[in-house]
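The model shown is predicted, which means the values in this text are computed figures rather than measured ones.
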Amino acid sequence: NIFNSCCFQQCELCSGAGDSVNWAANTNFNGMSQSCTDVYWMLISESVEATSSMCSAVSQIQNDCCYKMPSNQCNLCRDDNGVTYNTRWIKEVTVNGITKTCGDFNTLLSTQESD
């Protein structure tokens, strides 16, 4: 039986029921400021196990990197009639003096409940 040699339980950045990664958020992890996206991919690429001390440390940043999925998710490119359009992910726009890509704004909005 090679199950124990080949299989493991992956450490999840956002392990709560209904939780999702806030891809646009930043946190302080391992003494460094980094994006939650980078922490997520580090967990995957290094095959960090759920029972490891590294995974225990990750649980300390869940408030920074995780959010409860809204039941009716806001979408940047959905019009008032409910029609969804494609997003220009890498186009930069400025809103209230803050410049980000349309993809970044879409990610931020996706963490919010739609009206």
Side-chain angles (χ1 to χ4, degrees):
N1 186 343
I2 61 171
F3 180 85
N4 288 336
S5 297
C6 295
C7 308
F8 71 102
Q9 186 175 2
Q10 176 71 49
C11 178
E12 298 289 338
L13 178 56
C14 299
S15 57
D19 283 356
S20 186
V21 177
N22 184 346
W23 302 107
N26 292 301
T27 190
N28 194 326
F29 184 66
N30 279 347
M32 296 173 21
S33 178
Q34 51 190 311
S35 71
C36 295
T37 301
D38 288 344
V39 174
Y40 172 85
W41 284 113
M42 179 272 304
L43 295 174
I44 299 299
S45 66
E46 295 181 15
S47 299
V48 175
E49 295 189 37
T51 57
S52 71
S53 59
M54 174 78 75
C55 195
S56 295
V58 164
S59 69
Q60 303 302 308
I61 63 167
Q62 287 182 343
N63 286 341
D64 294 339
C65 293
C66 306
Y67 68 97
K68 292 281 183 216
M69 284 289 291
S71 57
N72 189 18
Q73 196 172 30
C74 191
N75 185 319
L76 173 66
C77 295
R78 185 181 312 133
D79 68 15
D80 292 339
N81 297 319
V83 176
T84 302
Y85 298 85
N86 289 343
T87 302
R88 292 184 178 97
W89 292 97
I90 59 174
K91 180 176 178 64
E92 288 194 346
V93 293
T94 302
V95 177
N96 296 331
I98 299 170
T99 301
K100 292 188 175 290
T101 66
C102 293
D104 288 337
F105 280 116
N106 191 58
T107 299
L108 290 168
L109 288 171
S110 72
T111 68
Q112 305 300 309
E113 195 72 43
S114 184
D115 293 337

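In this structure, CD1 on Ile98 lies 6.0 Å from CZ on Phe105, to the nearest 0.5 angstrom. For the atom pair Leu43 CG and Leu13 CG, the distance stands at 6.0 Å (nearest 0.5 Å). Atom-to-atom distance recorded for Met42:CE and Ile44:CD1 is 10.0 Å, nearest 0.5 angstrom. Between the CD1 atom in Ile61 and the CG atom in Asn26 there is a gap of 10.5 Å [rounded to 0.5 Å]. Between Arg78 atom CZ and Ser114 atom OG the span is 5.5 Å, to the nearest 0.5 Å. Rounded to the nearest 0.5 Å, atoms CZ (Phe29) and CG (Asp38) are 11.5 Å apart.
Using modelled atom types, no side-chain atom of Gln10 and backbone atom of Ser47 make a donor-acceptor pair closer than 3.5 Å. Asp79 contributes a side-chain N or O that, together with a main-chain N or O of Asn81, makes up a donor-acceptor pair within less than 3.5 Å. With hydrogens and angles disregarded, a donor-acceptor distance shorter than 3.5 Å links the side chain of Asn75 to the backbone of Cys77. Between the side chain of Ser52 and the main chain of Cys55, a donor-acceptor pair closer than 3.5 Å is present. No side-chain donor-acceptor contact under 3.5 Å links Asp19 to the backbone of Cys66. Distance alone, capped at 3.5 Å, is enough to place a donor-acceptor pair between the Lys68 side chain and the Ala17 backbone. Checked by atom type and distance alone, the side chain of Glu113 pairs as donor or acceptor with a backbone atom of Asn72 at under 3.5 Å.
Side chain to side chain, Gln34 and Thr27 fail the donor-acceptor criterion of an N or O pair below 3.5 Å. Checked by atom type, the side-chain pair Gln73/Thr111 shows no donor-acceptor distance below 3.5 Å.
Linking Ile, Leu, Val, Met, Phe, Trp and Tyr residues whenever their side-chain heavy atoms come within less than 4.5 Å places Met54 and Val21 in a single cluster. Linking Ile, Leu, Val, Met, Phe, Trp and Tyr residues whenever their side-chain heavy atoms come within less than 4.5 Å leaves Trp89 and Val93 in two separate clusters.
When every heavy atom of Cys65 is checked against every heavy atom of Cys14, the shortest pair comes out as O-SG, 3.8 Å. Across every non-hydrogen atom of Thr101 and Ile90, the tightest pair is CG2-O, 3.9 Å. Listed here is the closest heavy atom pair of Pro70 and Gln112: CG-O, 3.4 Å. The two residues Ala24 and Leu108 have their closest heavy-atom pair at CB-CD2, 3.8 Å.
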Can Cys102 and Glu92 be said to form a side-chain contact (heavy atoms from CB on, under 4.5 Å), step by step? CA-CA 6 Å; Cys102 293; Glu92 288 194 346; over 6 Å; no

Pair Asp104-Thr107, side-chain hydrogen bond (donor to acceptor under 3.5 Å, both in side chains): steps then yes or no: CA-CA 5 Å; Asp104 288 337; Thr107 299; 5.5 Å; no

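Residues forming a side-chain contact (heavy atoms from CB on, under 4.5 Å) with Thr37 (at least two apart in sequence, or on another chain): Trp23, Ser35, Trp41.
Other residues sharing a hydrophobic cluster with Phe3 under the 4.5 Å side-chain heavy-atom criterion for ILVMFWY residues do not exist; the residue is a singleton.
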